[in-house]
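Just so it is clear, the model here is predicted, and its values are computed rather than measured.
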Amino acid sequence: MDEELSNVLGNEELDSNAKTEAIKKLIEDNYVSTEKYSHEVENVKKENKQLKSDIKAKNTEIEGYKNSQLTDDQKKQKELEDIANTKRDLAIERSQIQAEKILSKVITDDKELECLVKDISKEDIEATKLLAQNIVNTITKQKEATEAKIREELINDTPKPTGGEADEVMTKDKFSKLSYNEQVKFKIENPEGYKQLFN
């Protein structure tokens, strides 16, 4: 369409009205209305749905045909396999529930929790619980170690108080060397200390 549009615009033999008409024709030929597009999309969805239904029906038919060709022993074997698979799936599901209970104590992100639960859940529920608890213990230890390190860094970074004149004991000699204003200030701020000096 870009090339055709360039040809119309570059054609010097066409006046502006002719160019406008040519562009309209070009757009009409290449334009798909929203209604038509929606209708076509709906048709494709219906066709896909029908196709999936047909495939499912064919698969069921094929499975039924396969089963009809099995001997009695093969049918029993298949039933036992189906029961074993169902039992395994249920055991894994129970393991996932237990693992989620344990891991949710330390993992708060739902997606992360779901992925981890799926990864560690096995048919053996006790092995799954043990693995989940080991993960919780590891995360807890790491968290405690990190918190301890942060506390230690905060304590080490806190400046230690330095001694000043306020920490020194006032004597009569020191008091006598103070200016009048400093003496008044000391008397107001330290009435007990002043009494001890002169009583």
For the student: nearest non-hydrogen atoms of K172 and L197, plus distance: CE-O, 2.6 Å
Cluster check V117, I125: I/L/V/M/F/W/Y, side chain < 4.5 angstrom: no
Side-chain donor-acceptor pair present, N59, E63, cut-off under 3.5 Å: no
Nearest heavy-atom neighbours spanning F186 and Y194: CE2-N, 3.9 Å
Whether over 12 other heavy atoms sit under 6.0 Å from D15 CG: yes
E126 and K129 ion-paired at < 4.0 Å: yes
Short side-chain to backbone donor-acceptor contact, E182 and S179, under 3.5 Å: yes
Interatomic distance, T128 atom OG1 to I102 atom CD1 [nearest 0.5 angstrom]: 9.0 Å
Cationic N near anionic O, under 4.0 Å, K46 to E42: no
Closest non-hydrogen atom pair, A132 against L103: O-CD2, 3.7 Å
Salt-bridge present (K58, D54; N to O < 4.0 Å): no
Shortest non-hydrogen contact from Q96 toward S121: CG-OG, 3.1 Å
Electrostatic pair D72-K76, nearest N-O below 4.0 angstrom: no
